[in-house]
2 protein chains.
Amino acid sequence: MQTLDALGAGAGPAPIFAALGDRTRLSLLARLSDGEPRSIAALSADTDLTRQAVTKHLHVLEDVGLVSSIRVGRESRFAYRPEPLAAARSYLDEVSARWDEALARLKSFVEG
Amino acid sequence: MQTLDALGAGAGPAPIFAALGDRTRLSLLARLSDGEPRSIAALSADTDLTRQAVTKHLHVLEDVGLVSSIRVGRESRFAYRPEPLAAARSYLDEVSARWDEALARLKSFVEG
DNA sequence: GACACTCGCAACCAGGAGGTTGCTGATATG
DNA sequence: CATATCAGCAACCTCCTGGTTGCGAGTGTC
């Protein structure tokens, strides 16, 4: 099953998981997943972090395509992007399926 | 939807994603997902990394429960563990569902 | 018992991640 | 125009990460 290595966005799913591997970024994504684009100031509002720290996290998310940004007037709005997360999901599904097949083989071996 | 913050293994899904955010570890997990426990030496065999490097990666995976290890004679066998990956999948499913609902609301607003 | 294999521990290193502060520039608003 | 807001850039810092090497200890084999 080479697809485990083949599929993936760009350099594979690892960078996507890496981007997801941070509480702050997960929180940002969760807030943006309601479809409402938000400015950096808005996203930094109820956080104990600096605006700059939030900005860096948003750039990390943007680098792997999890969010997109457009400049509107003096503020830049960040919006959720579903594609990379779908890729991540399908990768986890593949690994999971591989495991389920292994279980099925084991079961049929024991029974048969 | 507080479940986005509530669920999670231990300190939330972020550490799991962080553990998945590395090509080497993803590769190790993919190989172990066939159900066959393997020794460190076996897992280090067709890698250009040192055995110690592989060991560290395996420990990272073990820390978040993605693999488990048992000592058998002089070698320690690492085996795949499905639970954390299931948690990661369900988290991604939640975010994805949130997004889908947002799309549905937008659609019904435009149409209605 | 001598030897080969498997592993753990510790030290060490370079580089990147997460975060802060300070400053500057652009855009609204009075 | 004066002022406040939003953001980008750069420097700097600390700590973790990924990786290496060296060495010692347990385990199997002849």
Side-chain angles (χ1 to χ4, degrees), chain A residues 5 10-32 36-80 84 88, chain B residues 5 10-32 36-79 84:
Chain A
D5 281 65
I16 301 176
F17 288 126
L20 295 174
D22 183 282
R23 289 195 77 81
T24 302
R25 287 196 291 268
L26 274 189
S27 170
L28 288 172
L29 247 180
R31 286 171 67 196
L32 288 176
E36 278 286 312
R38 288 174 178 81
S39 71
I40 297 181
L43 287 169
S44 311
D46 47 353
T47 307
D48 53 346
L49 294 178
T50 315
R51 171 182 57 87
Q52 291 299 335
V54 174
T55 300
K56 283 192 182 180
H57 283 300
L58 286 171
H59 284 335
V60 172
L61 291 174
E62 191 178 16
D63 283 343
V64 298
L66 279 165
V67 301
S68 65
S69 71
I70 55 171
R71 198 84 199 243
V72 177
R74 68 182 164 185
E75 62 187 16
S76 61
R77 302 237 177 90
F78 284 80
Y80 176 82
Chain B
D5 283 64
I16 300 176
F17 289 126
L20 294 174
D22 183 283
R23 289 194 78 81
T24 303
R25 286 195 292 267
L26 274 189
S27 170
L28 288 172
L29 210 67
R31 287 173 64 198
L32 288 176
E36 278 286 312
R38 288 173 179 82
S39 70
I40 297 180
L43 288 169
S44 311
D46 47 352
T47 307
D48 53 346
L49 294 179
T50 315
R51 172 182 57 88
Q52 290 300 334
V54 174
T55 300
K56 283 192 181 181
H57 283 301
L58 287 172
H59 283 335
V60 172
L61 291 174
E62 191 178 16
D63 282 344
V64 298
L66 279 165
V67 300
S68 64
S69 70
I70 55 170
R71 199 84 199 245
V72 177
R74 66 182 167 187
E75 63 187 15
S76 63
R77 302 237 177 93
F78 284 80

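Order of the sequence lines sets the chain letters (A, B, ...), proteins ahead of strands, with each chain counted from 1.
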Would you please name every residue forming a salt bridge (charged side-chain N to carboxylate O under 4.0 Å, His left out) with B:Arg25, sequence neighbours left out? none
Could you tell me which non-hydrogen atom of A:Leu32 sits nearest to which non-hydrogen atom of A:Phe78, and how far apart they are? CD2-O, 3.4 Å
Take the protein atom CD1 of A:Ile40 and the nucleotide atom P of D:dC9, then report the distance between them rounded to whole Å. 10 Å
Along DNA chain C, 5' to 3', what are the outermost nucleotides having an atom less than 4.0 Å from a heavy atom of chain A? C:dG18 to C:dA28
Taking side chain to side chain contact (heavy atoms under 4.5 Å, CB included) as the definition, give me every residue that meets it alongside A:Ala18, ordered by chain and number, with sequence neighbours left out. none
Let me know the distance between CG of B:Leu28 and C1' of D:dG18, rounded to the nearest Å. 13 Å
Please list, chain by chain and in numerical order, all residues satisfying side chain to side chain contact (heavy atoms under 4.5 Å, CB included) with A:Arg51, sequence neighbours excluded. A:Ile40, A:Ser44, A:Thr55
Whole angstroms only, please: what is the CZ-P distance between A:Arg38 and D:dA7? 13 Å
Rounded off to whole Å, could you give me the CG-to-P distance for the B:Leu61 and D:dG18 pair? 10 Å
What nucleic acid atoms does A:Ala41 come within less than 4.0 Å of, heavy atoms only: base, sugar-phosphate, or nothing? sugar-phosphate
Counting side-chain heavy atoms from C-beta on, which of D:dG8, D:dT20, D:dG18 comes nearest to B:Ala53? D:dT20
As a check of understanding: the bend across the helix from C:dG1-D:dC30 to C:dG30-D:dC1, end axes from five pairs, rounded to 10 degrees, works out to 30°
Selection residues 61-71 of chain B - residue pairs positive for salt bridge (Lys or Arg N to Asp or Glu O under 4.0 Å), sequence neighbours left out: none
Those residues at least two apart in sequence (or on a different chain) that pass side-chain hydrogen bond (donor to acceptor under 3.5 Å, both in side chains) with A:Asp48 are none
Checking A:Ala79 now: which residues fulfil side chain to side chain contact (heavy atoms under 4.5 Å, CB included) with it, not counting sequence neighbours? A:Pro37, A:Ser68
A:Leu58 has an atom CG; how far is it from atom C1' of D:dC9, in whole Å? 16 Å
Would you say the side chain of A:Arg51 and the base of D:dG8 hold a donor-acceptor pair, judged only by whether the two atoms sit under 3.5 Å apart? yes
Here the residues of residues 65-78 of chain B within 4.0 Å heavy-atom distance, strictly under, of DNA chain D are B:Gly73, B:Arg74
Please identify each residue that fulfils salt bridge (charged side-chain N to carboxylate O under 4.0 Å, His left out) with A:Glu36, with sequence neighbours left out. none
Mind calculating the distance between CG (A:Leu43) and P (D:dT5) to the nearest angstrom? 19 Å
Who pairs with A:Tyr80 by ring-ring contact (aromatic ring centres under 6.0 Å, His included), at least two apart in sequence or on another chain? B:Trp99
Residues at least two apart in sequence or cross-chain that pass salt bridge (charged side-chain N to carboxylate O under 4.0 Å, His left out) with B:Arg38, listed by chain then number, are B:Asp34
Would the base of D:dG19 count as contacting B:Gln52 through its side chain, where contact means a donor and an acceptor less than 3.5 Å apart? no
What closest approach, in Å, do B:Ile16 and B:Pro84 show between heavy atoms, and which atom pair accounts for it? CD1-O, 3.7 Å
